[in-house]
Amino acid sequence: MAVRIGPLFLRSRVYVPPMAGVTDIVFRDIVRQVDRHCLLSTEMVSSKGLLYRKESHIMDLAEDEHPIGIQIFGHEPEIMANAAQMAQARGADFIDINMGCPVPKITKGKDGCALMREPELASEIIKTVKAAVQVPVTVKFRLGWDDNTRNAVEFGLMVQDAGASLVTVHGRTRQQLYSGKADWSFIAQVKKALDIPVFGNGDVFEPQDALKLLEIAGVDGVAVARGSLGNPWLIPRITKYLDTGILDDPPHEVERLIIAFKHCLGLVRYKGLRVGTSESRRHLTHYTKGIVGGAVFRNRLTQTSSVEDALNTLSDLAEHVDGKEGRHRFLLAVENDYLEYCKHPGEGTRNSKHGVHAPVDVDAVAPVAVP
Ligand SMILES: Cc1cc2nc3c(=O)[nH]c(=O)nc-3n(C[C@H](O)[C@H](O)[C@H](O)COP(=O)(O)O)c2cc1C
C-alpha cells in the first residue's frame, strides 16, 4: 500500500532526508536524474534566520523535483509558523520540523534534538506550524537525548497527537551523535505505537540494509542520508531491490566519474566558481571512494579550485580505471556540458538573485565519512 503524508500519496518508500551542506538543489537534481519518485528534502533552514533573510536559497526548489519537503528548525512557535508559511509559499509539498539535530550549536538553544527534552514546547511548535499551513507537517527526531532518556515512543505519540502526518526516526540518541550503530529495534517500538507512517533512518549503505531495516523495524519506509553521498544510484537500487528482489550492480566507475563531474559543474553553475568548487571537493571525493588506487586522485580532488581541475583529475582517474578507452568515454560524456559552461561561466545563477548563505557552519554539522 502506498505511504501517505496526509493527502500526499508517495510512489516510493525511499527518502533522501535533509543533510545540511549536501541536499541542495544541485544534489537533489542529481538524485532526481536517477530516481524519479523518491521523497526528497532540502537542507534545514533556520526559522529565525528567515526573519532577516526572507529569500533563503535553501528553499529554492526546481519544478520537477516533487515530492519534496522543506525542513525548518527553531524553537519559537510563531517564528516556526512564519517559516512554515514561507516554505509553503516556495512550493514545499510538506514541512518537516527538525527535532533531531545533535550539533551543540543548534541544541544549545532549544533547537533540534534539544526539543526532545521539551515535549510540551515541541507539541506547541507542531500545533502552531500545522495551524499556519495547508500542507502536511512531518517531524524528524532521534531515539532520545541519551541512553537514560530514550523517549522516542512517548515523543512520537506526542508528535502524532499534535497533528504530524509522518515521522522519521534516526535510531541513535543525541549523545551518540553518529557513533555506534543505529538501533533499528528501538525504531520498531515507535512504529508499533504510532498510527501515522514512520520512516526508519540510520546506517543504510546497501539495498540489503534497507530491507533489513524494513523487516526489523516494520517501518513504512527508509531514509538514506550518508549512503547517498557520491552514490545517488543507491536510491534506485534500493527501490528496485525492495520492489522486485533484484539487486542491481552499482554503475561502472567511469559512469560515477561522469556524474561526479556533472555534480561539480552544477554546483559551480549554481553557486559560482569559488563556493561551487569548494563545496564540490567533498562530493568529488565521495564519488571516487572505493576506486582501487584512487587515493592519489582523491588527494588531487580535495584541492579542486576550478572546473578544469576537476575535469583533468577525473579524466586521469577514468584512464586509471579503464585505460585510454575510459578517458575517452569520460570526455565524450561531459564534453557538451563543459563547452556550454565555457560559453557562460557566470557567477552562479543563485548569486544573480540574492546572497549566498549556508544554514549553519556545515563543517560542524556531522561527519560525512561513509563507513
Ligand atoms: C552532512 C550531514 C548533514 C545533516 N544535516 C541534517 C539536517 O539538516 N537536518 C536533519 O534532520 N538531519 C540532518 N542530518 C542527519 C541525516 O538526515 C540522518 O538522520 C543521519 O545522517 C542518519 O542517517 P544515515 O545513517 O543514513 O546517514 C545530517 C547528516 C549529515 C551526514
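Counting convention: from 1, in listed order, for ligands and their atoms alike. Index from 1, following the sequence.
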Query raised in the report: Between Asp29 and Gln33, do the side chains contain an N or O donor and an N or O acceptor separated by less than 3.5 Å?
Result: yes
Report task. Take every heavy atom of Gly227, measure it against each atom of ligand 1, and state whether any distance is under 4.0 Å. Result -> no
Query raised in the report: Does Glu55 pair with Arg90 as a salt bridge, N-O distance under 4.0 Å?
Result: yes
Query raised in the report: Can you list the atoms of ligand 1 that are under 4.0 Å from a heavy atom of Pro17?
Result: 17 (O)
Query raised in the report: When Phe199 is tested against each of Val219, Leu166, Ile5 for side-chain contact (heavy atoms from CB on, under 4.5 Å), which residue passes?
Result: Leu166
Query raised in the report: Taking the side chain as C-beta and beyond, is there a heavy-atom pair between Leu229 and Met19 under 4.5 Å?
Result: yes
Query - Numbering as shown, the atoms of ligand 1 that approach Lys140 to under 4.0 Å (heavy-atom distance) - result: 10 (C), 11 (O), 12 (N), 15 (C), 16 (C), 17 (O), 18 (C), 19 (O)
**Report entry** Electrostatic pair Lys262:Asp337 at N-O distance under 4.0 angstrom
**Finding:** yes
Query raised in the report: Do Arg13 and Asp243 meet the salt-bridge criterion of a basic N to acidic O distance under 4.0 Å?
Result: yes
Report task. Would you kindly specify which portion of Asn201 sits under 4.0 Å from ligand 1, judged on non-hydrogen atoms: side chain, backbone, both or neither? Result -> side chain
**Report entry** Atoms of ligand 1 close to Met44 [distance to a heavy atom under 4.0 angstrom, numbered from 1]
**Finding:** 8 (O)
Report task. Indicate, as side chain, backbone, both or neither, the part of Phe73 found under 4.0 angstrom from ligand 1 when only non-hydrogen atoms are considered. Result -> neither
Report task. Using a strict 4.0 Å cut-off to heavy atoms of Arg226, name the atoms of ligand 1 that fall inside it. Result -> 21 (O), 24 (P), 25 (O), 26 (O), 27 (O), 31 (C)
Query raised in the report: With respect to atom 29 (C) of ligand 1, which of Tyr15, Phe205, Tyr178 exhibits the smallest heavy-atom separation?
Result: Tyr178
Requested in this report: Identify, by atom number and element, the atoms of ligand 1 in contact range of Asn98, meaning under 4.0 Å from any of its heavy atoms.
Outcome: 9 (N), 10 (C), 11 (O)
Query - Charged tip of Arg142 within 45° of Tyr178 ring normal and under 6.0 Å - result: yes
